[in-house]
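Step one of this worksheet: look at the structure below.
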2 protein chains.
Amino acid sequence: MARSGAATIVDVARLAGVSPAAVSKVIRGAYGVSPSMRERVEAAIEQLAYRPRVAARAMRGSTFSIGIELPHPGYHFFTTILQGATAALGHTRYQPIVVPTATEAERDGRALDLLADRQVDGIVAVSPLVSPDRLERLAARIPVVLLGRHDRTASYDTVTGDDVEGTRQVMKHLLGLGHRRIAYLVQEGQAAMPGIRTPQETRMEQYLEHMHRAGLGAAARVVRTVDGDVVPESAVEALLAPERPTAILVGRHELALEMLQAVTARGLDVSVAGYDDTCLAGHPAISLTCVDQDGVEMGAKAIRLLLERIGGRTEAAHLTVEPTLKARASTRPVR
Amino acid sequence: MARSGAATIVDVARLAGVSPAAVSKVIRGAYGVSPSMRERVEAAIEQLAYRPRVAARAMRGSTFSIGIELPHPGYHFFTTILQGATAALGHTRYQPIVVPTATEAERDGRALDLLADRQVDGIVAVSPLVSPDRLERLAARIPVVLLGRHDRTASYDTVTGDDVEGTRQVMKHLLGLGHRRIAYLVQEGQAAMPGIRTPQETRMEQYLEHMHRAGLGAAARVVRTVDGDVVPESAVEALLAPERPTAILVGRHELALEMLQAVTARGLDVSVAGYDDTCLAGHPAISLTCVDQDGVEMGAKAIRLLLERIGGRTEAAHLTVEPTLKARASTRPVR
DNA sequence: GCCGAGACTGGAAGCGGTTGCGCACTTCCA
DNA sequence: TGGAAGTGCGCAACCGCTTCCAGTCTCGGC
């Protein structure tokens, strides 16, 4: 036994009367072990409660772990992706490890480096704000799947909600209800990253496009809010002052809930629609219309792509997940 | 350069014209390096974009990582703890890694083993359902802090919400509003683990205690629901049938929201109070009365205890976080 | 001028696994 | 019966970093 008290592969080998190399083969299910040896080794492993150390394996072999980079664990949509991913990993030999990017400073991809330092076998990243060339460099060494990126590259795979279609649906819905003065609320910092097309940016562009096509280009109005959880009073005022829109489309779920609250609190008849669904959007007391992206599906697809890459696929894959509009009480016909 | 393309400590040493041992000392900030050597080494590190591999460090030294075991990332309260923990880790040299326990099967502590296999320097676990002796064994090897455990042991630290005080406050609130027929809704599987005192169990006991003391022992009524996110129709029926209580206390936030929804949908005048606060509980359209536990504070305290342990403390510490009652519209005076 | 203390620095031995390769032993076919 | 092919297993060399320890160099005090 080593000093730490835990058994090593040598202890197992000694007890089973075989070489450490043989034990290694057994635990990896590698070729070239007789049933009798396997049996003895497995008994020894059991008896010593042996567990291979990930670090030692990583020195030469594989860590059998998938790194998931998750910004802002408090956002419901992101945890949905996480659920899908961990579920998809369930019956494989790979383990998920999550690195939360808590601070703003880490959003630049530092968290991805941390995962690379851990020599994970693949990375699922939800970071929309990392520069493409940084990702290129990373993907050259480790399989990487990006979620929600609209840039297509050969070096990493992507899984993206169809923001064009989602925006089309919700705009059609609002226009169909008779709305003409429709505003768009977007999170600052999400709409203007050079070289990166974030989902919120795409949605905003599509919003403008649809307004234009409906002959409402002059009525289009984009309000930006700071990067954070709350809609500042100034943005609310900007939107709800007289000459206000009759409907507001919001780029991110949490902000939509806030906006809806602000509208309700003022007793105004302004429709609000958002992106991403949660159980609370469906709560009768809230009933927020939104474009539902299937996060579980997205997480699962990301893992599938990653495992394919690890399995040897070299050409890039780009998957799209179709959103569905959940029309609820927060959007009403214009009076 | 190694085959993987990334620089190793030897590459840095060669470029800087020093020994690998010297580089190691520089990156660890260890004693015994001259300013001039440090300078050269740092330049070489910069030039090669060198990053030490966690696995190799783990072989002899420390991984500088803290493992956080997080059940059910979708529950808001848990992610709050995570936020507090990662924030507290912010300016240390330690990195958080999160292992989500997605499936029911993993709740028995398997996730803790996975963290141990990674040789993390410490573990924060939110798992209420792991047996104490399993934790003892783990804590003998690695510093462990448990959240929300009411069992006090010498081998691991705990951070716990004061469930006695929290229940006292909400019961006083309900009794003060004139409620007499108060029921308690608890998640099955949380209230009857041998040898483990879960928060929900403690709250239930306190509820019964307060009912008794108020001379309402006969009116006390505990309804159990299955272990999951939804309150099954049967439990709702059991609670809301004629002869129903005038107030319902719920052991977990998500269930309280559901229960409130069921009550509202039926147009009944039944007060509902829950545990844990979220921004949505405070949403005017929902306005759920609840006992607010400061998850950020709990996460931060857990990290502080862990760092103390890593720093050498040997005697156990048990911290309590005081909850505060957020009285809202979901609890009203009994008619 | 010598010596001991103190400040740096590097050599080499691990840490616990994996892997390439060779050896011994069987089996198969001519 | 001989040799080729195949199977099962172990030796030893890593993987990249840390740590122990010994060696060198400097410097001040006697």
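One atom, CZ of A:Arg28, and another, C1' of C:dT19, lie 7 Å apart when rounded to the nearest Å. Distance, B:Ile9 CD1 to D:dC15 P: 15 Å, rounded to whole Å. Following rounding to the nearest Å, B:Arg14 (CZ) and C:dG10 (P) show an atom-to-atom distance of 14 Å. Here the P atom of nucleotide D:dT19 and the CE atom of B:Met59 are 13 Å apart, to the nearest Å. Rounded to whole Å, atom P of C:dT18 lies 8 Å from atom CZ of A:Phe64. At whole-Å resolution of the value, CD in A:Gln119 and P in C:dG17 are 16 Å apart. Whole-Å rounding puts the A:Arg38 CZ to D:dC9 C1' distance at 14 Å. The nearest whole Å value for the distance from the CD atom in B:Glu39 to the C1' atom in C:dC8 is 16 Å.
Note on A:Ser34: every side-chain N or O is 4.0 Å or more away from OP1 and OP2 of D:dT7. The phosphate of D:dG16 (OP1 or OP2) has no side-chain N or O of B:Thr8 nearer than 4.0 angstrom. In this structure, B:Ser24 reaches the D:dT18 phosphate: one of its side-chain N or O atoms is under 4.0 Å from OP1 or OP2. B:Arg57 has no side-chain polar atom (N or O) that falls below the 4.0 Å cut-off from OP1 or OP2 of D:dC17.
Checked by distance alone, B:Arg60 brings no side-chain donor or acceptor within 3.5 Å of a matching partner on the base of D:dC17. Applying the 3.5 Å distance criterion, the base of C:dG10 shares a donor-acceptor pair with the side chain of B:Lys25.
Salt-bridge annotation for A:Asp113 and A:Arg110: absent, with no side-chain N of the basic residue lying under 4.0 Å from a carboxylate O of the acidic one.
Applying the ring pair (Phe, Tyr, Trp, His ring centres under 6.0 Å) test to pairs two or more places apart or on separate chains, none has a residue in residues 109-151 of chain A.
If you check the side chains of A:Ser65 and B:Arg118, you find a donor sitting under 3.5 Å from an acceptor. There is no side-chain donor-acceptor pair under 3.5 Å between A:Thr314 and A:Arg309. No side-chain donor-acceptor contact under 3.5 Å links A:Gln119 and A:Thr63. A:Ser24 and A:Arg28 share a donor-acceptor pair across their side chains, judged by distance under 3.5 Å alone.
When heavy atoms are screened at a 4.0 angstrom cut-off, A:Val10 is found touching no nucleic acid atom at all. Here A:Val18 lies in heavy-atom contact (under 4.0 Å) with sugar-phosphate atoms only. Across all strands shown, A:Ala22 has heavy atoms under 4.0 Å from sugar-phosphate atoms exclusively, and none from any base.
Side chains of B:Thr160 and B:Val321 form no contact here, defined as non-hydrogen atoms less than 4.5 Å apart.
When distances run from any side-chain atom of A:Ser19 to the nucleotides D:dG10, D:dG16, D:dT19, the shortest one goes to D:dG10. Nearest to the side-chain atoms of A:Ile27 among the listed nucleotides C:dA12, C:dG16, C:dT18 stands C:dT18. Taking the side chain of B:Met37 as heavy atoms from C-beta on, and the options C:dG16, C:dT9, D:dT19, the nearest nucleotide is C:dT9.
B:Ile68 and B:Pro96 make their closest contact through CD1-CB, 4.1 Å (heavy atoms, listed as atom of the first residue, atom of the second, distance).
One axis for each end of the helix from C:dG1-D:dC30 to C:dA30-D:dT1, each built from five base pairs, and the angle between them comes to 50° at 10° resolution.
Judged purely by atom type and a 3.5 angstrom limit, B:Arg57 has no side-chain atom pairing as donor or acceptor with the backbone of B:Met59.
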Could you list the protein-to-nucleotides 5-7 of chain C atom pairs, N/O on both sides, closer than 3.5 Å?
| residue | atom | partner | partner atom | Å |
| --- | --- | --- | --- | --- |
| C:dA7 | OP2 | B:Tyr31 | OH | 3.2 |

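Using cut-offs of 30° and 60° on the angle between ring planes, the pair B:Tyr75 and B:Phe78 is tilted.
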